[in-house]
2 protein chains.
Amino acid sequence: MGKTLKKEKDGGTKDKILHAAIEEFVAYGYYGARTQKIADRAKVNKALLHYYFSSKEKIYEEALKTIFEVIMTKLGALTNEPDDPVEMMEMIIDAYAEIFQTHSQYLKLIMYEVIRGGDKLAVLFKENLLRIPMNPINGKIYLYFKKKMKEGKIRKMNIFHLLISLIVQVVPVYFAREVLGDKAKLFGISGVVLNTFVKERKLVTLEVMKNGVLKK
Amino acid sequence: MGKTLKKEKDGGTKDKILHAAIEEFVAYGYYGARTQKIADRAKVNKALLHYYFSSKEKIYEEALKTIFEVIMTKLGALTNEPDDPVEMMEMIIDAYAEIFQTHSQYLKLIMYEVIRGGDKLAVLFKENLLRIPMNPINGKIYLYFKKKMKEGKIRKMNIFHLLISLIVQVVPVYFAREVLGDKAKLFGISGVVLNTFVKERKLVTLEVMKNGVLKK
DNA sequence: ATATAGTTTAACCATTTGGTTAAATTATAC
DNA sequence: GTATAATTTAACCAAATGGTTAAACTATAT
(Lines give C-alpha, C1' and ligand atoms only; values in the text may rest on other atoms or scores of the structure.)
Protein backbone atom coordinates (compact mmCIF):
# COMPACT_ATOMS: atom_id res chain seq x y z
CA MET A 1 0.00 0.00 0.00
CA GLY A 2 1.37 3.40 -1.02
CA LYS A 3 0.80 6.74 0.62
CA THR A 4 -2.47 7.22 2.41
CA LEU A 5 -4.99 9.68 1.03
CA LYS A 6 -4.33 11.86 4.01
CA LYS A 7 -0.65 12.06 3.19
CA GLU A 8 -1.22 12.56 -0.53
CA LYS A 9 -3.62 15.37 0.18
CA ASP A 10 -1.51 17.56 2.40
CA GLY A 11 1.77 16.92 0.61
CA GLY A 12 2.99 14.57 3.25
CA THR A 13 5.29 14.40 6.17
CA LYS A 14 8.13 13.44 3.87
CA ASP A 15 7.86 16.76 2.01
CA LYS A 16 7.71 18.63 5.30
CA ILE A 17 10.92 16.96 6.38
CA LEU A 18 12.56 17.64 3.04
CA HIS A 19 11.84 21.36 3.10
CA ALA A 20 12.87 21.59 6.73
CA ALA A 21 16.09 19.85 5.74
CA ILE A 22 16.70 22.35 2.93
CA GLU A 23 16.41 25.18 5.43
CA GLU A 24 18.80 23.53 7.86
CA PHE A 25 21.36 22.56 5.20
CA VAL A 26 21.23 26.06 3.70
CA ALA A 27 21.92 27.57 7.08
CA TYR A 28 24.63 25.22 8.33
CA GLY A 29 25.79 23.02 5.47
CA TYR A 30 25.87 19.25 5.58
CA TYR A 31 28.22 18.91 8.56
CA GLY A 32 26.70 21.73 10.58
CA ALA A 33 23.12 20.61 10.07
CA ARG A 34 21.66 18.63 12.97
CA THR A 35 19.10 15.86 12.43
CA GLN A 36 17.33 16.83 15.62
CA LYS A 37 17.09 20.41 14.29
CA ILE A 38 15.64 19.16 11.01
CA ALA A 39 13.05 17.24 12.99
CA ASP A 40 12.32 20.35 15.06
CA ARG A 41 11.85 22.48 11.94
CA ALA A 42 9.50 19.86 10.48
CA LYS A 43 7.77 19.42 13.83
CA VAL A 44 8.19 15.66 13.80
CA ASN A 45 10.07 13.04 15.78
CA LYS A 46 13.66 12.55 14.70
CA ALA A 47 13.11 8.86 14.09
CA LEU A 48 10.84 9.79 11.20
CA LEU A 49 13.80 11.16 9.32
CA HIS A 50 15.20 7.68 9.17
CA TYR A 51 11.82 6.17 8.43
CA TYR A 52 11.43 8.19 5.22
CA PHE A 53 15.11 8.62 4.35
CA SER A 54 17.72 6.04 5.27
CA SER A 55 20.32 8.53 6.51
CA LYS A 56 21.32 12.14 6.88
CA GLU A 57 23.30 11.87 3.68
CA LYS A 58 20.21 10.60 1.85
CA ILE A 59 18.20 13.57 3.07
CA TYR A 60 20.96 15.84 1.80
CA GLU A 61 20.91 14.19 -1.62
CA GLU A 62 17.15 14.50 -1.85
CA ALA A 63 17.41 18.14 -0.80
CA LEU A 64 19.84 18.87 -3.62
CA LYS A 65 17.64 16.99 -6.05
CA THR A 66 14.64 19.07 -5.05
CA ILE A 67 16.53 22.32 -5.57
CA PHE A 68 17.93 21.13 -8.87
CA GLU A 69 14.39 20.35 -10.06
CA VAL A 70 13.12 23.80 -9.19
CA ILE A 71 15.95 25.52 -11.04
CA MET A 72 15.77 23.26 -14.10
CA THR A 73 12.02 23.81 -14.33
CA LYS A 74 12.43 27.58 -14.23
CA LEU A 75 15.25 27.66 -16.75
CA GLY A 76 13.39 25.22 -18.97
CA ALA A 77 10.48 27.63 -19.12
CA LEU A 78 12.54 29.90 -21.36
CA THR A 79 10.97 29.18 -24.70
CA ASN A 80 10.74 32.48 -26.55
CA GLU A 81 13.33 33.07 -29.25
CA PRO A 82 13.51 36.79 -30.03
CA ASP A 83 15.27 37.95 -33.15
CA ASP A 84 17.50 40.30 -31.16
CA PRO A 85 20.21 38.43 -29.22
CA VAL A 86 20.37 41.20 -26.63
CA GLU A 87 16.73 40.57 -25.92
CA MET A 88 17.52 36.90 -25.40
CA MET A 89 20.35 37.81 -23.05
CA GLU A 90 17.94 40.00 -21.12
CA MET A 91 15.48 37.13 -20.83
CA ILE A 92 18.22 34.87 -19.49
CA ILE A 93 19.29 37.46 -16.94
CA ASP A 94 15.67 37.95 -15.89
CA ALA A 95 15.19 34.20 -15.54
CA TYR A 96 18.17 33.92 -13.21
CA ALA A 97 17.12 37.04 -11.34
CA GLU A 98 13.67 35.57 -10.78
CA ILE A 99 15.07 32.27 -9.58
CA PHE A 100 17.35 33.92 -7.06
CA GLN A 101 14.64 36.33 -6.00
CA THR A 102 12.18 33.53 -5.30
CA HIS A 103 14.60 30.87 -4.12
CA SER A 104 17.57 32.88 -3.00
CA GLN A 105 18.62 30.34 -0.38
CA TYR A 106 18.93 27.61 -2.99
CA LEU A 107 22.02 29.16 -4.52
CA LYS A 108 23.68 29.04 -1.12
CA LEU A 109 23.27 25.30 -0.91
CA ILE A 110 24.41 24.80 -4.48
CA MET A 111 27.52 26.87 -3.89
CA TYR A 112 28.09 24.97 -0.66
CA GLU A 113 27.96 21.69 -2.54
CA VAL A 114 30.29 23.06 -5.21
CA ILE A 115 32.79 23.94 -2.51
CA ARG A 116 32.49 20.47 -1.08
CA GLY A 117 33.66 19.10 -4.40
CA GLY A 118 30.35 18.87 -6.19
CA ASP A 119 30.16 15.07 -6.23
CA LYS A 120 26.42 15.03 -5.85
CA LEU A 121 25.86 17.94 -8.20
CA ALA A 122 27.98 16.27 -10.86
CA VAL A 123 25.77 13.21 -10.69
CA LEU A 124 22.64 15.35 -11.00
CA PHE A 125 24.05 17.26 -13.96
CA LYS A 126 25.13 14.09 -15.69
CA GLU A 127 21.75 12.46 -15.20
CA ASN A 128 19.95 15.56 -16.44
CA LEU A 129 22.37 16.85 -19.03
CA LEU A 130 19.84 17.10 -21.86
CA ARG A 131 17.47 19.13 -19.72
CA ILE A 132 19.97 21.91 -19.23
CA PRO A 133 19.13 24.60 -21.79
CA MET A 134 22.82 25.38 -22.21
CA ASN A 135 23.84 21.87 -23.18
CA PRO A 136 25.35 21.75 -26.72
CA ILE A 137 23.30 18.82 -27.93
CA ASN A 138 19.71 19.97 -27.67
CA GLY A 139 19.86 22.93 -25.32
CA LYS A 140 17.58 25.68 -26.61
CA ILE A 141 19.74 28.51 -25.38
CA TYR A 142 22.93 27.02 -26.76
CA LEU A 143 21.39 26.35 -30.16
CA TYR A 144 19.83 29.82 -30.24
CA PHE A 145 23.18 31.56 -29.95
CA LYS A 146 24.73 29.09 -32.36
CA LYS A 147 22.12 30.07 -34.92
CA LYS A 148 22.63 33.78 -34.29
CA MET A 149 26.35 33.26 -34.72
CA LYS A 150 25.73 31.59 -38.06
CA GLU A 151 23.51 34.49 -39.05
CA GLY A 152 26.48 36.76 -38.44
CA LYS A 153 24.82 38.65 -35.59
CA ILE A 154 27.37 37.53 -33.00
CA ARG A 155 31.14 37.33 -33.24
CA LYS A 156 32.61 33.93 -33.72
CA MET A 157 33.37 32.56 -30.33
CA ASN A 158 32.92 29.54 -28.10
CA ILE A 159 29.28 29.80 -27.05
CA PHE A 160 30.15 28.65 -23.56
CA HIS A 161 32.39 31.69 -23.20
CA LEU A 162 29.49 33.89 -24.23
CA LEU A 163 27.13 32.24 -21.76
CA ILE A 164 29.67 32.33 -18.94
CA SER A 165 30.47 35.99 -19.58
CA LEU A 166 26.77 36.80 -19.52
CA ILE A 167 25.75 34.84 -16.47
CA VAL A 168 28.74 35.49 -14.20
CA GLN A 169 28.35 39.24 -14.55
CA VAL A 170 24.97 39.05 -12.90
CA VAL A 171 24.59 35.95 -10.76
CA PRO A 172 27.39 36.63 -8.24
CA VAL A 173 25.91 40.02 -7.47
CA TYR A 174 22.44 38.60 -6.81
CA PHE A 175 24.11 35.95 -4.72
CA ALA A 176 26.27 38.42 -2.82
CA ARG A 177 23.30 40.65 -2.10
CA GLU A 178 21.42 37.73 -0.66
CA VAL A 179 24.27 36.34 1.40
CA LEU A 180 26.15 39.50 2.33
CA GLY A 181 23.43 42.12 1.96
CA ASP A 182 23.26 42.78 5.67
CA LYS A 183 27.04 43.38 5.75
CA ALA A 184 26.71 46.26 3.29
CA LYS A 185 25.69 48.59 6.11
CA LEU A 186 29.13 48.10 7.64
CA PHE A 187 30.50 49.89 4.60
CA GLY A 188 27.95 52.66 4.56
CA ILE A 189 25.90 51.11 1.81
CA SER A 190 22.13 51.23 2.35
CA GLY A 191 19.71 48.63 1.10
CA VAL A 192 18.38 51.09 -1.44
CA VAL A 193 21.83 51.80 -2.83
CA LEU A 194 22.58 48.11 -2.98
CA ASN A 195 19.36 47.30 -4.81
CA THR A 196 20.00 50.12 -7.25
CA PHE A 197 23.47 48.76 -7.87
CA VAL A 198 22.10 45.30 -8.54
CA LYS A 199 19.55 46.71 -10.96
CA GLU A 200 22.30 48.63 -12.73
CA ARG A 201 24.25 45.42 -13.04
CA LYS A 202 21.72 44.08 -15.50
CA LEU A 203 21.97 47.19 -17.65
CA VAL A 204 25.76 47.30 -17.51
CA THR A 205 25.96 43.62 -18.33
CA LEU A 206 23.71 43.98 -21.36
CA GLU A 207 25.70 47.01 -22.49
CA VAL A 208 29.04 45.23 -22.07
CA MET A 209 27.73 42.17 -23.85
CA LYS A 210 26.08 44.16 -26.62
CA ASN A 211 29.31 46.03 -27.36
CA GLY A 212 31.60 43.19 -26.46
CA VAL A 213 29.96 40.27 -28.25
CA LEU A 214 27.64 41.44 -31.01
CA LYS A 215 28.95 42.05 -34.45
CA LYS A 216 28.69 45.57 -35.71
CA MET B 1 59.23 35.61 28.26
CA GLY B 2 58.17 35.37 24.69
CA LYS B 3 58.71 32.58 22.18
CA THR B 4 61.82 30.54 22.64
CA LEU B 5 64.59 30.80 20.09
CA LYS B 6 63.80 27.31 19.02
CA LYS B 7 60.23 28.23 18.26
CA GLU B 8 61.15 31.52 16.55
CA LYS B 9 63.64 29.73 14.37
CA ASP B 10 61.49 26.99 12.93
CA GLY B 11 58.34 29.06 12.59
CA GLY B 12 56.78 27.57 15.62
CA THR B 13 54.24 25.04 16.62
CA LYS B 14 51.55 27.71 16.45
CA ASP B 15 52.18 28.23 12.73
CA LYS B 16 52.19 24.50 12.14
CA ILE B 17 48.78 24.26 13.79
CA LEU B 18 47.48 27.22 11.83
CA HIS B 19 48.43 25.77 8.47
CA ALA B 20 47.11 22.38 9.43
CA ALA B 21 43.89 24.11 10.41
CA ILE B 22 43.65 25.86 7.04
CA GLU B 23 43.93 22.50 5.30
CA GLU B 24 41.26 20.96 7.49
CA PHE B 25 38.88 23.94 7.22
CA VAL B 26 39.35 24.07 3.46
CA ALA B 27 38.48 20.41 3.17
CA TYR B 28 35.53 20.25 5.54
CA GLY B 29 34.47 23.75 6.48
CA TYR B 30 34.15 25.03 10.02
CA TYR B 31 31.52 22.52 11.17
CA GLY B 32 33.06 19.54 9.41
CA ALA B 33 36.59 20.21 10.60
CA ARG B 34 37.67 18.14 13.58
CA THR B 35 40.09 19.48 16.21
CA GLN B 36 41.64 16.05 16.59
CA LYS B 37 42.21 16.02 12.81
CA ILE B 38 43.85 19.42 12.95
CA ALA B 39 46.13 18.11 15.69
CA ASP B 40 46.88 15.04 13.58
CA ARG B 41 47.75 17.16 10.55
CA ALA B 42 50.03 19.32 12.68
CA LYS B 43 51.44 16.27 14.43
CA VAL B 44 50.80 17.68 17.87
CA ASN B 45 48.63 16.86 20.86
CA LYS B 46 45.11 18.24 20.61
CA ALA B 47 45.45 20.10 23.87
CA LEU B 48 48.00 22.34 22.19
CA LEU B 49 45.30 23.77 19.96
CA HIS B 50 43.73 25.27 23.04
CA TYR B 51 47.05 26.27 24.51
CA TYR B 52 47.83 28.51 21.50
CA PHE B 53 44.27 29.38 20.47
CA SER B 54 41.44 29.60 22.94
CA SER B 55 38.92 27.70 20.83
CA LYS B 56 38.13 26.12 17.49
CA GLU B 57 36.40 29.31 16.47
CA LYS B 58 39.54 31.31 17.26
CA ILE B 59 41.61 29.00 15.10
CA TYR B 60 39.12 29.52 12.29
CA GLU B 61 39.35 33.29 12.62
CA GLU B 62 43.13 33.18 12.57
CA ALA B 63 43.02 30.91 9.53
CA LEU B 64 40.86 33.41 7.63
CA LYS B 65 43.15 36.23 8.72
CA THR B 66 46.16 34.39 7.39
CA ILE B 67 44.52 33.80 4.01
CA PHE B 68 43.33 37.38 3.83
CA GLU B 69 46.89 38.58 4.42
CA VAL B 70 48.29 36.46 1.62
CA ILE B 71 45.72 37.70 -0.88
CA MET B 72 46.02 41.35 0.14
CA THR B 73 49.79 41.16 -0.15
CA LYS B 74 49.60 39.72 -3.64
CA LEU B 75 46.98 42.19 -4.87
CA GLY B 76 48.86 45.02 -3.23
CA ALA B 77 51.90 44.13 -5.32
CA LEU B 78 50.14 45.50 -8.38
CA THR B 79 51.93 48.79 -8.79
CA ASN B 80 52.48 49.31 -12.50
CA GLU B 81 50.17 51.74 -14.25
CA PRO B 82 50.28 51.12 -18.00
CA ASP B 83 48.82 53.70 -20.34
CA ASP B 84 46.58 51.15 -22.00
CA PRO B 85 43.60 50.16 -19.78
CA VAL B 86 43.38 46.75 -21.44
CA GLU B 87 46.92 46.13 -20.31
CA MET B 88 45.90 47.02 -16.77
CA MET B 89 42.94 44.64 -16.99
CA GLU B 90 45.29 41.93 -18.16
CA MET B 91 47.57 42.56 -15.19
CA ILE B 92 44.62 42.30 -12.83
CA ILE B 93 43.49 39.03 -14.40
CA ASP B 94 47.03 37.69 -14.19
CA ALA B 95 47.28 38.69 -10.55
CA TYR B 96 44.12 36.80 -9.69
CA ALA B 97 45.18 33.85 -11.82
CA GLU B 98 48.49 33.69 -9.99
CA ILE B 99 46.80 33.83 -6.59
CA PHE B 100 44.43 31.02 -7.43
CA GLN B 101 47.18 29.02 -9.04
CA THR B 102 49.43 29.26 -6.01
CA HIS B 103 46.79 29.26 -3.29
CA SER B 104 43.83 27.66 -5.00
CA GLN B 105 42.49 26.19 -1.80
CA TYR B 106 42.24 29.61 -0.18
CA LEU B 107 39.37 30.66 -2.43
CA LYS B 108 37.43 27.63 -1.26
CA LEU B 109 37.60 28.74 2.34
CA ILE B 110 36.75 32.32 1.45
CA MET B 111 33.72 31.20 -0.54
CA TYR B 112 32.79 28.91 2.33
CA GLU B 113 32.87 31.84 4.74
CA VAL B 114 30.84 33.97 2.32
CA ILE B 115 28.18 31.29 2.24
CA ARG B 116 28.15 31.18 6.01
CA GLY B 117 27.20 34.82 6.00
CA GLY B 118 30.62 36.39 5.86
CA ASP B 119 30.60 37.80 9.39
CA LYS B 120 34.29 37.26 9.87
CA LEU B 121 35.20 38.37 6.38
CA ALA B 122 33.21 41.56 6.80
CA VAL B 123 35.23 42.39 9.88
CA LEU B 124 38.48 41.71 8.03
CA PHE B 125 37.43 43.85 5.09
CA LYS B 126 36.32 46.67 7.32
CA GLU B 127 39.55 46.62 9.27
CA ASN B 128 41.61 46.56 6.11
CA LEU B 129 39.48 48.63 3.77
CA LEU B 130 42.25 51.02 2.73
CA ARG B 131 44.55 48.16 1.80
CA ILE B 132 42.15 46.83 -0.82
CA PRO B 133 43.35 48.20 -4.16
CA MET B 134 39.76 48.54 -5.34
CA ASN B 135 38.63 50.75 -2.49
CA PRO B 136 37.39 54.13 -3.77
CA ILE B 137 39.38 56.24 -1.32
CA ASN B 138 42.98 55.38 -2.01
CA GLY B 139 42.80 52.14 -3.94
CA LYS B 140 45.31 52.23 -6.77
CA ILE B 141 43.24 50.17 -9.14
CA TYR B 142 40.08 52.18 -8.50
CA LEU B 143 41.86 55.49 -8.99
CA TYR B 144 43.60 54.22 -12.10
CA PHE B 145 40.32 53.50 -13.88
CA LYS B 146 38.84 56.72 -12.57
CA LYS B 147 41.71 58.60 -14.19
CA LYS B 148 41.34 56.71 -17.47
CA MET B 149 37.64 57.48 -17.43
CA LYS B 150 38.44 61.17 -17.01
CA GLU B 151 40.89 60.92 -19.90
CA GLY B 152 38.00 59.69 -22.02
CA LYS B 153 39.53 56.28 -22.64
CA ILE B 154 36.74 54.40 -20.89
CA ARG B 155 32.98 54.91 -21.08
CA LYS B 156 31.35 56.67 -18.21
CA MET B 157 30.26 54.02 -15.76
CA ASN B 158 30.40 53.04 -12.13
CA ILE B 159 33.96 51.78 -11.72
CA PHE B 160 32.74 49.01 -9.47
CA HIS B 161 30.64 47.70 -12.34
CA LEU B 162 33.74 47.70 -14.52
CA LEU B 163 35.80 45.87 -11.91
CA ILE B 164 33.06 43.35 -11.21
CA SER B 165 32.51 42.65 -14.91
CA LEU B 166 36.23 42.11 -15.33
CA ILE B 167 36.88 39.93 -12.32
CA VAL B 168 33.78 37.73 -12.36
CA GLN B 169 34.40 36.68 -15.93
CA VAL B 170 37.61 35.03 -14.89
CA VAL B 171 37.67 34.13 -11.21
CA PRO B 172 34.71 31.70 -11.17
CA VAL B 173 36.30 29.67 -13.93
CA TYR B 174 39.62 29.38 -12.08
CA PHE B 175 37.66 28.50 -8.99
CA ALA B 176 35.49 25.95 -10.80
CA ARG B 177 38.51 24.30 -12.39
CA GLU B 178 40.10 23.94 -9.00
CA VAL B 179 37.04 22.68 -7.19
CA LEU B 180 35.26 20.76 -9.95
CA GLY B 181 38.13 20.02 -12.30
CA ASP B 182 38.05 16.31 -11.59
CA LYS B 183 34.33 16.23 -12.40
CA ALA B 184 34.99 17.44 -15.95
CA LYS B 185 35.89 13.92 -17.01
CA LEU B 186 32.32 12.85 -16.29
CA PHE B 187 31.30 15.11 -19.14
CA GLY B 188 33.98 14.01 -21.52
CA ILE B 189 36.17 17.03 -20.90
CA SER B 190 39.87 16.27 -20.52
CA GLY B 191 42.25 18.25 -18.36
CA VAL B 192 43.90 19.62 -21.46
CA VAL B 193 40.62 20.87 -22.89
CA LEU B 194 39.69 22.39 -19.55
CA ASN B 195 43.00 24.19 -19.22
CA THR B 196 42.70 25.48 -22.77
CA PHE B 197 39.23 26.74 -21.99
CA VAL B 198 40.47 28.54 -18.90
CA LYS B 199 43.29 30.14 -20.89
CA GLU B 200 40.79 31.24 -23.54
CA ARG B 201 38.68 32.81 -20.81
CA LYS B 202 41.33 35.43 -20.24
CA LEU B 203 41.43 36.32 -23.94
CA VAL B 204 37.65 36.37 -24.28
CA THR B 205 37.31 38.47 -21.17
CA LEU B 206 39.81 41.03 -22.42
CA GLU B 207 38.07 41.10 -25.80
CA VAL B 208 34.62 41.52 -24.25
CA MET B 209 35.90 44.23 -21.92
CA LYS B 210 37.87 45.97 -24.66
CA ASN B 211 34.85 46.18 -26.91
CA GLY B 212 32.30 46.49 -24.12
CA VAL B 213 33.93 49.13 -21.94
CA LEU B 214 36.51 51.14 -23.81
CA LYS B 215 35.51 54.21 -25.71
CA LYS B 216 36.02 54.09 -29.44
C1' DA C 1 -15.52 -4.88 14.91
C1' DT C 2 -11.17 -6.68 13.74
C1' DA C 3 -6.85 -7.47 11.37
C1' DT C 4 -3.25 -5.39 9.04
C1' DA C 5 -0.29 -1.81 7.30
C1' DG C 6 1.67 2.60 7.70
C1' DT C 7 3.08 6.24 10.60
C1' DT C 8 4.81 8.14 14.71
C1' DT C 9 6.96 8.42 19.25
C1' DA C 10 9.80 8.11 23.70
C1' DA C 11 13.58 6.18 25.11
C1' DC C 12 17.76 4.53 24.21
C1' DC C 13 22.65 3.55 22.33
C1' DA C 14 27.61 3.79 20.96
C1' DT C 15 30.43 6.98 19.24
C1' DT C 16 32.15 11.42 18.50
C1' DT C 17 33.21 15.97 19.89
C1' DG C 18 35.36 20.33 21.75
C1' DG C 19 37.54 21.33 25.57
C1' DT C 20 40.22 20.63 30.29
C1' DT C 21 43.79 19.31 33.59
C1' DA C 22 47.51 17.50 36.25
C1' DA C 23 51.79 15.94 35.33
C1' DA C 24 55.88 15.44 32.58
C1' DT C 25 59.26 17.38 29.57
C1' DT C 26 62.01 20.95 27.58
C1' DA C 27 63.98 25.54 27.39
C1' DT C 28 65.70 29.50 29.61
C1' DA C 29 67.67 32.52 33.23
C1' DC C 30 70.73 33.02 36.84
C1' DG D 1 73.09 23.02 39.29
C1' DT D 2 68.74 24.86 40.29
C1' DA D 3 64.52 27.46 39.88
C1' DT D 4 61.22 28.99 36.85
C1' DA D 5 58.63 29.40 32.65
C1' DA D 6 56.99 27.52 28.48
C1' DT D 7 55.56 23.68 26.02
C1' DT D 8 53.65 19.28 25.55
C1' DT D 9 51.15 15.06 26.70
C1' DA D 10 47.91 11.20 28.25
C1' DA D 11 43.88 10.80 30.18
C1' DC D 12 39.68 12.49 31.03
C1' DC D 13 34.94 14.88 30.83
C1' DA D 14 30.09 16.36 29.76
C1' DA D 15 27.49 17.16 26.00
C1' DA D 16 26.19 16.35 21.48
C1' DT D 17 25.42 13.34 17.61
C1' DG D 18 23.39 10.11 14.01
C1' DG D 19 20.95 6.32 14.24
C1' DT D 20 17.81 2.35 16.32
C1' DT D 21 13.87 -0.04 18.37
C1' DA D 22 9.80 -1.60 20.65
C1' DA D 23 5.54 0.10 21.40
C1' DA D 24 1.68 3.08 20.55
C1' DC D 25 -1.28 5.39 17.41
C1' DT D 26 -3.76 6.17 13.02
C1' DA D 27 -5.49 4.80 8.58
C1' DT D 28 -7.22 1.32 5.62
C1' DA D 29 -9.33 -3.06 4.12
C1' DT D 30 -12.50 -6.56 4.98
Side-chain angles (χ1 to χ4, degrees), chain A residues 1-64 109 112-113 116 119-120, chain B residues 1-64 109 112-113 116 119-120:
Chain A
M1 188 215 272
K3 234 184 236 179
T4 66
L5 283 175
K6 183 187 171 191
K7 291 296 176 265
E8 296 283 355
K9 195 183 290 178
D10 65 23
T13 304
K14 189 172 182 178
D15 277 352
K16 262 201 323 183
I17 291 172
L18 196 47
H19 283 88
I22 288 173
E23 286 175 19
E24 179 76 2
F25 286 131
V26 157
Y28 299 102
Y30 178 75
Y31 296 112
R34 298 288 172 252
T35 50
Q36 180 59 59
K37 289 293 183 66
I38 294 175
D40 289 346
R41 288 182 191 264
K43 295 186 190 355
V44 299
N45 187 274
K46 190 177 64 165
L48 260 193
L49 272 54
H50 295 83
Y51 178 78
Y52 286 109
F53 309 89
S54 51
S55 65
K56 181 182 179 184
E57 184 170 2
K58 215 37 170 141
I59 303 174
Y60 182 67
E61 286 172 354
E62 292 294 327
L64 285 176
L109 193 50
Y112 176 80
E113 177 55 21
R116 281 187 81 221
D119 291 347
K120 300 183 194 304
Chain B
M1 183 215 276
K3 232 183 239 178
T4 65
L5 283 175
K6 182 186 171 193
K7 293 294 175 265
E8 297 282 357
K9 193 183 294 177
D10 65 25
T13 305
K14 187 172 183 179
D15 277 352
K16 260 197 334 184
I17 292 171
L18 197 46
H19 282 87
I22 288 173
E23 286 175 20
E24 179 75 4
F25 285 131
V26 157
Y28 299 103
Y30 178 75
Y31 295 113
R34 297 287 171 255
T35 49
Q36 181 57 60
K37 289 293 184 64
I38 293 175
D40 290 344
R41 287 181 190 265
K43 295 185 186 6
V44 300
N45 188 273
K46 192 176 64 168
L48 260 193
L49 271 55
H50 295 84
Y51 177 79
Y52 285 109
F53 309 88
S54 49
S55 65
K56 181 181 178 184
E57 185 170 1
K58 215 34 167 142
I59 303 174
Y60 182 69
E61 287 173 353
E62 291 295 326
L64 285 176
L109 194 48
Y112 175 81
E113 177 56 20
R116 282 186 80 221
D119 292 347
K120 299 184 197 302

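Residue numbers start from 1 in every chain, and the chains themselves are labelled A, B, ... in the order their sequence lines are given, proteins ahead of strands.
Using a 4.0 Å cut-off between charged side-chain N and carboxylate O, A/E23 and A/R41 make a salt bridge. By the 4.0 Å N-to-carboxylate-O rule, A/E24 lies too far from A/K56 to be salt-bridged with it.
For the pair A/K58 NZ and D/dT20 P, the interatomic distance rounds to 15 Å; values are reported in whole Å. Between B/Y51 atom OH and C/dT26 atom P the separation is 16 Å, expressed in whole Å. Atom CG of B/L49 and atom P of C/dG18 are 10 Å apart (whole Å). Atom C1' of nucleotide D/dA16 and atom CD1 of A/I38 are separated by 15 Å, given to the nearest angstrom. In this structure, B/Q36 places its CD atom 19 Å from P of D/dT17, rounding to the nearest Å. Here the C1' atom of nucleotide C/dG18 and the OH atom of B/Y31 are 14 Å apart, to the nearest Å. Per the geometry, NZ belonging to A/K46 stands 7 Å off C1' belonging to D/dT17, to the nearest Å. Between the CG atom of B/D40 and the C1' atom of C/dT17 there is a distance of 14 Å, given to the nearest Å.
For A/R34 and D/dA16, the shortest distance from a side-chain N or O to OP1 or OP2 is not below 4.0 Å. Residue B/Y52 has no polar side-chain atom (N or O) positioned under 4.0 Å from OP1 or OP2 of D/dA6. Distances shorter than 4.0 Å separate none of the side-chain N or O atoms of B/T13 from OP1 or OP2 on D/dT7.
The base of D/dG19 is not paired with the side chain of A/K56 by any donor and acceptor separated by under 3.5 Å.
In this structure, A/A47 and A/A33 both approach DNA chain D, and ranking their closest nucleotides by distance from the 5' end singles out A/A33.
For the pair B/K14 and B/F53, the cation sits on the ring face: its NZ or CZ lies under 6.0 Å from the ring centre, inside 45° of the axis.
Checked against D/dA6, C/dA10, D/dT9, the side chain of B/L48 finds its nearest nucleotide in D/dT9. Closest to the A/T35 side chain, of the nucleotides D/dG18, C/dG19, C/dT9, is D/dG18. The nucleotide whose nearest atom lies closest to any side-chain atom of A/H50 is, among C/dT8, D/dT8, D/dT20, D/dT20. Among D/dG19, C/dT9, D/dT7, the nucleotide with an atom closest to any side-chain atom of A/V44 is C/dT9.
Checking side-chain atoms of B/E113 against main-chain N and O of B/K120 turns up a donor-acceptor pair under 3.5 Å. No donor-acceptor distance shorter than 3.5 angstrom exists from the side chain of A/Y30 to the backbone of B/G32, with no hydrogens or angles considered.
Within the nucleic acid shown, A/A39 has no heavy atom closer than 4.0 Å to any nucleic acid atom.
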